[in-house]
Amino acid sequence: MNRSHPQPPIALTIAGSDSGGGAGIQADLHTFAAHGVHGTSVLTAVTAQNTRGVTAAEPVATALVRAQLDAVLGDFPVAAVKTGMLGGAELLALVAEYGQADRLPNLVVDPVMVTTTGDPLYEGDPAAYLSGLGPLATVLTPNLVEARQLLGREIDTVDDMREAARALATYGPRAVLVKGGHLDRDGDAAVDVLWCDGQMLDLAAPRVPTRNDHGTGCTLASAIAARLALGHPLPQAVAGAKVYVTEALKAAADWRLGTGRGPLHHHHGRKSAAI
(Lines give C-alpha, C1' and ligand atoms only; values in the text may rest on other atoms or scores of the structure.)
Protein backbone atom coordinates (compact mmCIF):
# COMPACT_ATOMS: atom_id res chain seq x y z
CA MET A 1 0.00 0.00 0.00
CA ASN A 2 1.38 3.39 -0.98
CA ARG A 3 1.55 5.93 1.77
CA SER A 4 1.94 9.60 1.09
CA HIS A 5 4.78 11.38 2.82
CA PRO A 6 4.54 14.98 3.95
CA GLN A 7 6.41 17.38 1.71
CA PRO A 8 9.58 18.68 3.38
CA PRO A 9 10.32 22.38 3.68
CA ILE A 10 13.18 23.70 1.57
CA ALA A 11 16.36 25.40 2.73
CA LEU A 12 19.15 26.96 0.68
CA THR A 13 22.86 27.11 1.44
CA ILE A 14 25.07 29.66 -0.31
CA ALA A 15 28.59 28.54 0.46
CA GLY A 16 31.83 26.95 -0.70
CA SER A 17 32.58 23.29 -1.24
CA ASP A 18 34.75 21.24 1.13
CA SER A 19 36.33 18.31 -0.73
CA GLY A 20 36.86 16.59 2.62
CA GLY A 21 33.11 16.62 3.28
CA GLY A 22 33.30 18.09 6.78
CA ALA A 23 32.32 21.71 6.29
CA GLY A 24 30.80 24.05 3.72
CA ILE A 25 28.10 22.94 1.31
CA GLN A 26 28.59 19.29 2.24
CA ALA A 27 28.05 19.86 5.97
CA ASP A 28 25.07 22.09 5.26
CA LEU A 29 23.32 19.53 3.06
CA HIS A 30 23.99 16.77 5.60
CA THR A 31 22.50 18.96 8.31
CA PHE A 32 19.42 19.84 6.28
CA ALA A 33 18.84 16.15 5.52
CA ALA A 34 19.26 15.20 9.18
CA HIS A 35 16.46 17.64 10.02
CA GLY A 36 14.13 16.32 7.33
CA VAL A 37 14.57 19.45 5.21
CA HIS A 38 15.22 19.38 1.46
CA GLY A 39 18.51 21.12 0.77
CA THR A 40 19.29 23.27 -2.24
CA SER A 41 22.65 24.89 -2.85
CA VAL A 42 24.47 27.73 -4.55
CA LEU A 43 28.20 27.08 -4.83
CA THR A 44 30.46 30.10 -4.29
CA ALA A 45 33.89 28.46 -4.31
CA VAL A 46 35.68 25.18 -4.87
CA THR A 47 38.32 24.29 -2.30
CA ALA A 48 40.90 21.57 -2.04
CA GLN A 49 40.89 20.65 1.62
CA ASN A 50 40.88 17.82 4.08
CA THR A 51 41.09 17.43 7.85
CA ARG A 52 44.53 19.12 7.86
CA GLY A 53 43.62 22.33 6.04
CA VAL A 54 43.00 24.08 2.75
CA THR A 55 45.59 23.72 -0.03
CA ALA A 56 43.79 25.54 -2.85
CA ALA A 57 40.62 27.53 -3.49
CA GLU A 58 38.96 29.04 -6.55
CA PRO A 59 35.92 31.32 -6.48
CA VAL A 60 32.95 30.62 -8.71
CA ALA A 61 32.33 33.41 -11.23
CA THR A 62 29.78 35.96 -10.05
CA ALA A 63 27.61 35.42 -13.13
CA LEU A 64 27.40 31.71 -12.39
CA VAL A 65 26.54 32.35 -8.74
CA ARG A 66 23.75 34.65 -9.93
CA ALA A 67 22.53 31.96 -12.34
CA GLN A 68 22.44 29.42 -9.51
CA LEU A 69 20.47 31.80 -7.29
CA ASP A 70 17.99 32.49 -10.07
CA ALA A 71 17.62 28.77 -10.82
CA VAL A 72 16.90 27.82 -7.21
CA LEU A 73 14.82 30.82 -6.17
CA GLY A 74 12.88 30.82 -9.42
CA ASP A 75 11.61 27.28 -8.88
CA PHE A 76 11.72 26.30 -5.20
CA PRO A 77 9.70 27.86 -2.34
CA VAL A 78 12.75 28.35 -0.15
CA ALA A 79 11.82 28.78 3.53
CA ALA A 80 15.25 29.58 4.98
CA VAL A 81 18.72 30.49 3.72
CA LYS A 82 22.18 30.06 5.17
CA THR A 83 25.30 31.81 3.88
CA GLY A 84 28.80 30.52 4.45
CA MET A 85 31.97 31.22 2.48
CA LEU A 86 31.41 34.17 0.15
CA GLY A 87 35.08 34.81 -0.56
CA GLY A 88 34.98 38.56 -1.11
CA ALA A 89 33.05 41.79 -1.44
CA GLU A 90 31.66 41.09 -4.94
CA LEU A 91 29.79 37.92 -3.96
CA LEU A 92 28.75 39.44 -0.67
CA ALA A 93 27.19 42.36 -2.56
CA LEU A 94 25.40 39.93 -4.88
CA VAL A 95 23.86 38.07 -1.94
CA ALA A 96 22.86 41.39 -0.39
CA GLU A 97 21.11 42.32 -3.63
CA TYR A 98 18.89 39.24 -3.40
CA GLY A 99 18.28 39.84 0.29
CA GLN A 100 17.24 43.43 -0.33
CA ALA A 101 14.74 42.11 -2.88
CA ASP A 102 13.18 39.94 -0.13
CA ARG A 103 14.26 36.73 -1.84
CA LEU A 104 16.26 35.27 1.05
CA PRO A 105 13.82 34.50 3.89
CA ASN A 106 15.01 33.56 7.39
CA LEU A 107 18.58 34.48 6.47
CA VAL A 108 21.27 32.96 8.70
CA VAL A 109 24.60 34.66 8.05
CA ASP A 110 27.72 32.77 9.08
CA PRO A 111 30.50 35.33 8.40
CA VAL A 112 33.10 32.79 7.28
CA MET A 113 36.51 34.48 7.15
CA VAL A 114 39.00 31.90 8.31
CA THR A 115 39.09 28.13 8.81
CA THR A 116 39.64 26.41 12.15
CA THR A 117 43.17 25.65 10.95
CA GLY A 118 43.81 29.34 10.22
CA ASP A 119 43.40 29.43 6.45
CA PRO A 120 41.85 32.72 5.20
CA LEU A 121 38.55 32.35 3.32
CA TYR A 122 37.52 35.99 2.81
CA GLU A 123 39.29 38.81 0.99
CA GLY A 124 38.06 42.30 1.68
CA ASP A 125 36.89 44.52 4.50
CA PRO A 126 35.15 42.45 7.22
CA ALA A 127 32.93 45.46 7.93
CA ALA A 128 31.19 44.78 4.61
CA TYR A 129 29.44 41.86 6.30
CA LEU A 130 27.87 44.25 8.77
CA SER A 131 26.87 46.95 6.31
CA GLY A 132 25.83 44.55 3.53
CA LEU A 133 24.20 41.63 5.29
CA GLY A 134 23.68 42.83 8.85
CA PRO A 135 20.36 44.58 8.18
CA LEU A 136 19.11 41.57 6.20
CA ALA A 137 20.06 38.81 8.64
CA THR A 138 17.63 36.98 10.85
CA VAL A 139 20.63 35.57 12.70
CA LEU A 140 24.33 36.51 12.54
CA THR A 141 26.57 33.71 13.87
CA PRO A 142 30.22 34.80 14.28
CA ASN A 143 32.72 32.81 16.27
CA LEU A 144 35.21 34.66 18.47
CA VAL A 145 37.77 35.15 15.70
CA GLU A 146 35.11 36.51 13.34
CA ALA A 147 33.55 38.74 15.99
CA ARG A 148 36.99 40.22 16.72
CA GLN A 149 37.50 40.91 13.01
CA LEU A 150 34.04 42.42 12.56
CA LEU A 151 34.35 44.74 15.55
CA GLY A 152 38.12 45.32 15.73
CA ARG A 153 38.28 44.59 19.44
CA GLU A 154 39.47 41.85 21.76
CA ILE A 155 36.90 39.39 23.09
CA ASP A 156 38.33 37.34 25.93
CA THR A 157 35.48 36.72 28.37
CA VAL A 158 31.79 35.86 28.33
CA ASP A 159 31.09 39.47 29.33
CA ASP A 160 33.06 40.57 26.29
CA MET A 161 30.92 38.22 24.17
CA ARG A 162 27.75 39.83 25.51
CA GLU A 163 29.05 43.30 24.68
CA ALA A 164 30.07 42.08 21.22
CA ALA A 165 26.59 40.67 20.61
CA ARG A 166 25.03 43.99 21.58
CA ALA A 167 27.43 45.90 19.32
CA LEU A 168 26.79 43.60 16.35
CA ALA A 169 23.04 43.86 16.87
CA THR A 170 23.21 47.61 16.19
CA TYR A 171 23.90 46.77 12.53
CA GLY A 172 20.41 45.38 12.07
CA PRO A 173 20.18 41.60 12.50
CA ARG A 174 17.21 40.38 14.49
CA ALA A 175 19.52 38.08 16.48
CA VAL A 176 23.26 37.67 17.03
CA LEU A 177 24.85 34.44 18.25
CA VAL A 178 28.46 34.89 19.38
CA LYS A 179 29.94 31.42 19.56
CA GLY A 180 32.34 30.76 22.42
CA GLY A 181 33.74 27.38 21.45
CA HIS A 182 37.27 28.79 21.26
CA LEU A 183 37.02 30.42 24.68
CA ASP A 184 38.44 28.61 27.74
CA ARG A 185 39.07 25.33 25.94
CA ASP A 186 40.04 23.75 29.28
CA GLY A 187 36.68 24.61 30.84
CA ASP A 188 33.83 22.17 31.35
CA ALA A 189 31.26 24.12 29.32
CA ALA A 190 31.07 25.75 25.89
CA VAL A 191 29.09 28.96 26.21
CA ASP A 192 27.49 30.82 23.32
CA VAL A 193 25.78 34.17 23.79
CA LEU A 194 22.52 34.96 22.01
CA TRP A 195 21.09 38.46 21.66
CA CYS A 196 17.55 38.17 20.29
CA ASP A 197 14.76 40.73 20.15
CA GLY A 198 16.43 42.83 22.82
CA GLN A 199 17.10 39.98 25.25
CA MET A 200 20.42 38.35 26.12
CA LEU A 201 20.66 34.61 26.71
CA ASP A 202 23.63 32.41 27.60
CA LEU A 203 23.51 29.00 25.92
CA ALA A 204 25.80 26.52 27.66
CA ALA A 205 26.55 22.89 26.85
CA PRO A 206 29.08 20.41 28.21
CA ARG A 207 32.35 20.71 26.31
CA VAL A 208 32.98 17.58 24.22
CA PRO A 209 36.58 16.31 24.32
CA THR A 210 37.26 15.56 20.65
CA ARG A 211 39.48 16.58 17.80
CA ASN A 212 36.59 16.09 15.38
CA ASP A 213 35.17 19.61 15.25
CA HIS A 214 35.76 20.53 11.61
CA GLY A 215 32.67 22.26 10.24
CA THR A 216 31.09 22.99 13.61
CA GLY A 217 30.21 26.57 12.67
CA CYS A 218 28.76 25.58 9.29
CA THR A 219 26.72 22.86 10.94
CA LEU A 220 25.35 25.13 13.65
CA ALA A 221 24.29 27.83 11.19
CA SER A 222 22.66 25.34 8.83
CA ALA A 223 20.89 23.64 11.76
CA ILE A 224 19.42 27.03 12.73
CA ALA A 225 18.28 27.56 9.14
CA ALA A 226 16.76 24.07 8.98
CA ARG A 227 14.81 24.66 12.19
CA LEU A 228 13.59 28.03 10.95
CA ALA A 229 12.45 26.33 7.74
CA LEU A 230 10.53 23.87 9.91
CA GLY A 231 8.75 26.77 11.62
CA HIS A 232 10.56 26.79 14.97
CA PRO A 233 10.51 30.12 16.84
CA LEU A 234 13.87 31.85 16.58
CA PRO A 235 15.21 31.39 20.16
CA GLN A 236 14.17 27.72 20.16
CA ALA A 237 15.70 27.22 16.71
CA VAL A 238 19.06 28.49 17.96
CA ALA A 239 18.95 26.56 21.24
CA GLY A 240 17.88 23.36 19.48
CA ALA A 241 20.63 23.75 16.89
CA LYS A 242 23.21 23.99 19.67
CA VAL A 243 21.91 20.75 21.21
CA TYR A 244 22.07 19.08 17.79
CA VAL A 245 25.71 20.14 17.30
CA THR A 246 26.69 18.98 20.79
CA GLU A 247 25.22 15.54 20.11
CA ALA A 248 26.93 15.45 16.69
CA LEU A 249 30.26 16.17 18.37
CA LYS A 250 29.68 13.42 20.93
CA ALA A 251 28.70 10.88 18.27
CA ALA A 252 31.89 11.50 16.26
CA ALA A 253 34.25 11.93 19.20
CA ASP A 254 36.20 8.73 18.53
CA TRP A 255 36.15 8.82 14.72
CA ARG A 256 39.44 8.78 12.83
CA LEU A 257 38.33 9.72 9.31
CA GLY A 258 41.50 11.71 8.64
CA THR A 259 44.77 12.61 10.29
CA GLY A 260 43.67 16.10 11.40
CA ARG A 261 40.42 17.61 12.67
CA GLY A 262 37.65 15.34 11.49
CA PRO A 263 33.95 16.04 10.83
CA LEU A 264 30.92 15.80 13.07
CA HIS A 265 28.39 12.97 12.88
CA HIS A 266 25.60 14.91 11.20
CA HIS A 267 23.22 11.95 11.10
CA HIS A 268 23.55 10.86 14.70
CA GLY A 269 20.44 9.22 16.07
CA ARG A 270 19.12 8.27 12.64
CA LYS A 271 18.78 4.66 11.60
CA SER A 272 20.25 3.74 8.25
CA ALA A 273 17.77 3.18 5.43
CA ALA A 274 20.23 0.90 3.65
CA ILE A 275 19.13 -2.69 3.02
Side-chain angles (χ1 to χ4, degrees), residues 11-16 28 42 44-45 62 65-66 69 73 78-114 120-155 160-182 192-201 203 217-218 220-225 227-229 233-235 237-238 241-242:
L12 166 63
T13 169
I14 306 171
D28 298 339
V42 168
T44 60
T62 302
V65 175
R66 182 184 292 276
L69 283 165
L73 297 174
V78 171
V81 181
K82 176 257 180 179
T83 68
M85 178 183 177
L86 299 179
E90 188 172 355
L91 287 185
L92 190 149
L94 176 63
V95 172
E97 175 189 328
Y98 281 75
Q100 290 161 1
D102 293 326
R103 301 187 70 186
L104 304 178
N106 287 317
L107 180 60
V108 181
V109 176
D110 187 16
V112 175
M113 297 181 190
V114 64
L121 295 176
Y122 180 78
E123 296 180 1
D125 184 357
Y129 263 104
L130 298 179
S131 61
L133 295 183
L136 307 172
T138 301
V139 191
L140 181 70
T141 66
N143 60 28
L144 291 184
V145 174
E146 293 157 352
R148 288 169 183 144
Q149 289 180 308
L150 290 170
L151 293 171
R153 67 171 73 167
E154 290 302 311
I155 304 172
D160 290 344
M161 292 169 59
R162 297 188 187 104
E163 290 304 314
R166 290 190 184 94
L168 291 169
T170 64
Y171 289 88
R174 179 181 167 192
V176 177
L177 180 70
V178 178
K179 299 173 292 189
H182 296 94
D192 300 336
V193 170
L194 175 66
W195 184 97
C196 181
D197 294 333
Q199 293 187 322
M200 191 74 69
L201 300 171
L203 303 177
C218 302
L220 180 60
S222 54
I224 294 171
R227 288 164 182 264
L228 291 174
L234 181 51
V238 175
K242 182 174 175 65

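Side-chain atoms are counted along with the backbone in the values below, which use heavy atoms only and exclude waters and symmetry mates. Numbers here are sequence positions counted from 1. Treat the numbers as computed from the prediction; the structure is a model and nothing was measured.
A side-chain contact (heavy atoms from CB on, under 4.5 Å) with Leu86 is found for exactly one of Val109, Val65, Val95, Val112, namely Val95.
In this structure, Ala147 and Pro142 approach most closely via the heavy-atom pair N-CB, 3.8 Å. Summarising the geometry of Ala165 relative to Val193, their closest heavy-atom pair is CB-CG1, 4.3 Å, with the distance given to 0.1 Å. A pairwise comparison of heavy atoms in Leu92 and Ala128 identifies CD2-O, 3.5 Å as the closest pair. When every heavy atom of Ala96 is checked against every heavy atom of Gly132, the shortest pair comes out as CB-O, 3.6 Å. Between Ala241 and Ala223, the shortest heavy-atom distance links the atoms CB-CB, 3.6 Å. Annotation for Ala169 and Trp195: closest pair CB-CE3, 3.5 Å, computed over non-hydrogen atoms.
Of the inter-residue distances, the one linking Lys179 atom NZ with Leu194 atom CG reads 12.5 Å to the nearest 0.5 angstrom. The structure places CG of Leu12 at 12.0 Å from CG of Asn106, a figure rounded to the nearest 0.5 Å. The distance from atom CG of Asp102 to atom CG of Leu136, rounded to the nearest 0.5 Å, is 8.5 Å. Remark: Leu94 CG to Arg66 CZ distance equals 5.0 Å, nearest 0.5 Å. In this structure, Leu91 CG and Ile14 CD1 are separated by 10.0 Å, a value rounded to the nearest 0.5 Å. Here the CG atom belonging to Leu234 is positioned 12.5 Å from the CZ atom belonging to Arg227, to the nearest 0.5 angstrom.
Using a 4.5 Å heavy-atom threshold, the side chains of Val139 and Pro173 count as separate. Counting only heavy atoms from C-beta outward, the side chains of Arg103 and Val78 never approach each other to under 4.5 Å. Between Leu144 and Asp160, the closest side-chain pair of non-hydrogen atoms is not below 4.5 Å. Considering only heavy atoms from C-beta on, Leu140 stays 4.5 Å or farther from Leu133 through its side chain.
Sorted by first then second residue, the ring pair (Phe, Tyr, Trp, His ring centres under 6.0 Å) pairs that include residues 78-104, not counting sequence neighbours, number zero. Evaluation of the side-chain hydrogen bond (donor to acceptor under 3.5 Å, both in side chains) test over residues 128-148, restricted to residues two or more places apart or in two chains, returns Asp110-Thr141.
The salt bridge (charged side-chain N to carboxylate O under 4.0 Å, His left out) check on Glu123 picks up nothing, with sequence neighbours excluded. For Arg166, the salt bridge (charged side-chain N to carboxylate O under 4.0 Å, His left out) criterion is met by Glu163, not counting sequence neighbours. Here Thr13 pairs with Asp28 under the side chain to side chain donor-acceptor pair (under 3.5 Å) rule; sequence neighbours left out. Taking the side chain to side chain contact (heavy atoms under 4.5 Å, CB included) definition, one finds that Ala167 meets it with Leu151, Arg153, sequence neighbours left out.
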Would Lys82 and Cys218 satisfy side-chain contact (heavy atoms from CB on, under 4.5 Å), going step by step from the backbone distance to the final call?
-> CA-CA 9 Å; Lys82 176 257 180 179; Cys218 302; 3.9 Å; yes
Intermediate values then yes/no, side-chain contact (heavy atoms from CB on, under 4.5 Å), Val238 and Asp192 | CA-CA 10 Å; Val238 175; Asp192 300 336; over 6 Å; no
